There are 2 protein chains.
Amino acid sequence: MVNKHDSRSEETKNTILNVAGKLFSKKGYESVTMREIAKEAGCSHTTIYLYFKDKETLLHQLTMPSLRELHQTLQEIHIMNSIISEDKLKRISHEYLHFCMINRNMYSLLMNAKSTRVDEERPELEINKVRIGMFNLLKQVIQECLLMPNNDLLLAFTRTFYYNLNGIISTYLDNHEPLSILMERLTPTFNLAVEVLILGFREKLKQKVETN
Amino acid sequence: MVNKHDSRSEETKNTILNVAGKLFSKKGYESVTMREIAKEAGCSHTTIYLYFKDKETLLHQLTMPSLRELHQTLQEIHIMNSIISEDKLKRISHEYLHFCMINRNMYSLLMNAKSTRVDEERPELEINKVRIGMFNLLKQVIQECLLMPNNDLLLAFTRTFYYNLNGIISTYLDNHEPLSILMERLTPTFNLAVEVLILGFREKLKQKVETN
DNA sequence: TTTATTTATAACCAATGGTTAGTAACTAAA
DNA sequence: TTTAGTTACTAACCATTGGTTATAAATAAA
């Protein structure tokens, strides 16, 4: 039988997480203050420090579940047999872009995982694992798409593809347009970018074969 | 005959600008404090506010001259007759990347020109002019490269190219590797990206022609 | 009821960007 | 030379923030 103490602290922790998640999404991590979160959660701002080491830990604990989910989604798309690899790549790109646009705070964390944190169950290792995992997944899908060996050129292609995705996100990071409208407006351009890259990769591959 | 008053204030202002420029470059805009700048400049931190409205104004006044210079450089490359447009594109990309990597603070300003500032001689208008100017220049060079009309497809191509450049920059924004080493390591990848994009654009164009 | 444990808050701290009041230095006029 | 005015600069102050420490409140156990 859970006692009131346990349930009270659990409830407080969850409330803080929920409120923080909402506020971060709405106003951006940097501009939300701990006092604001506390007020909305109905507690003192110092209570937050009973459960979370600092502000960044809060963001981190909000991020990892969603990130794992994204990674899972991308993996599921990857192993689908019913679609060709070029379409997989488009779907993966779309999911990644969509996720990052919704979760702009998390995107920053994803890009800037601090390597200063070696305590706390090696969270950087986990987030790095997920990052690397997604990069490698992208690499595999590109490899399948191009029917090429796993070599330096594939790495460079994957990087280029990755730059493009992240360029898109960073271009619209501070855009205040509603997401659904933004995605509707720009998805054709995003898809074009993927197609152009694949075409370019194929041509580059051809060139390499012709010079060898 | 300039009096001591005038020369003294001019000197103070320039010292502050110089010091700020160095510190921003070295440690990043966000992590440099006004008190730190003041200390290095040999004045009180409140003196800074005699000359500059706020911290952002300081960054802005440091940024615009360099940005104008970059824009000028890119324009000069554009009008060069001695090189083909594909090489122009590579040179322009290289200059832009190099500039942004050196001036990461300014890059942020470039990407995030605040629209909240309508006082102060319309600086947002100026920075927007430069941004738009550079985007249009890029568009022109891509157009020449591809020998295509100025249409929606060209705009989408230019956007894609722009995403790529900015993806590169944002990927390495917090990288602490010395710039010369970073550029040496990655310039081949950056050039490959440009080539891939151009190849892809050409193929896309071909497809469009074939379906019309 | 008293004591121990857990949860939470209030008081406090250092630091920051920025504002306001006061002082020092310089120049011009008497 | 002295006085008044102007300019450059500083110190005191402010509100706010993330975070720490001391204290209070709530709950469970003896």
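Bear in mind the structure is a predicted one, so any value in this text is a computation, not a measurement.
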Rounded to whole Å, how long is the line connecting atom [atom1] of [X] with atom [atom2] of [N]?
X: A:Phe52; N: C:dA8; atom1: CZ; atom2: P; answer: 12 Å
X: A:Tyr51; N: D:dG18; atom1: OH; atom2: C1'; answer: 19 Å
X: A:Ile16; N: C:dA8; atom1: CD1; atom2: P; answer: 8 Å
X: A:Ile48; N: C:dT9; atom1: CD1; atom2: P; answer: 10 Å
X: A:Arg35; N: D:dG18; atom1: CZ; atom2: P; answer: 7 Å
X: B:Met34; N: D:dC14; atom1: CE; atom2: C1'; answer: 16 Å
X: B:Tyr49; N: C:dT16; atom1: OH; atom2: P; answer: 11 Å
X: B:Leu50; N: D:dA11; atom1: CG; atom2: P; answer: 13 Å

With nearest nucleotides of DNA chain D determined for B:His45 and B:Glu10 from heavy-atom distances, which residue corresponds to the more 5′ nucleotide?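 Here B:Glu10 is the residue nearer the 5' end.
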Quick check on DNA chain D: between B:Thr46 and A:Glu30, whose nearest nucleotide comes earlier from the 5' end?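 Nearer the 5' end of the strand: B:Thr46.
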For the pair B:Phe135 and B:Tyr162, name the ring-plane relationship: parallel under 30°, tilted 30 to 60°, perpendicular over 60°. perpendicular
When you check the phosphate oxygens OP1 and OP2 of [N], does a side-chain N or O of [X] lie under 4.0 Å from one of them?
X: A:Thr47; N: C:dT9; value: yes
X: B:Ser9; N: D:dA8; value: yes
X: A:Arg8; N: C:dA8; value: yes
X: B:Thr12; N: D:dC9; value: yes

Modelled atom types, side-chain donor and acceptor of B:Thr15 and B:Asn18, under 3.5 Å: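 Per modelled atom types, B:Thr15 and B:Asn18 side chains form no pair under 3.5 Å.
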Quick one: do A:Lys90 and A:Glu195 satisfy salt bridge (charged side-chain N to carboxylate O under 4.0 Å, His left out)? Show the steps, please. CA-CA 8 Å; A:Lys90 282 183 190 171; A:Glu195 286 161 23; 2.8 Å; yes
Lys/Arg N to Asp/Glu carboxylate O, B:Glu40 vs B:Lys22, below 4.0 Å: no
Base, sugar-phosphate or nothing for B:Thr33? Non-hydrogen atoms, less than 4.0 Å.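 Counting heavy atoms under 4.0 Å across all strands, the contact made by B:Thr33 is with sugar-phosphate only.
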Let's see if you can work this out: which of C:dA10, D:dT10, D:dA12 has an atom nearest to the side-chain heavy atoms of B:Cys43? D:dT10
Would you kindly compare A:Lys13 and B:Val32 by the position of their nearest DNA chain C nucleotide and give the one closer to the 5′ end?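 This one resolves to A:Lys13.
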By the ring-ring contact (aromatic ring centres under 6.0 Å, His included) test, which pairs, at least two apart or in different chains, include something from residues 8-28 of chain A? A:Phe24-A:Tyr29
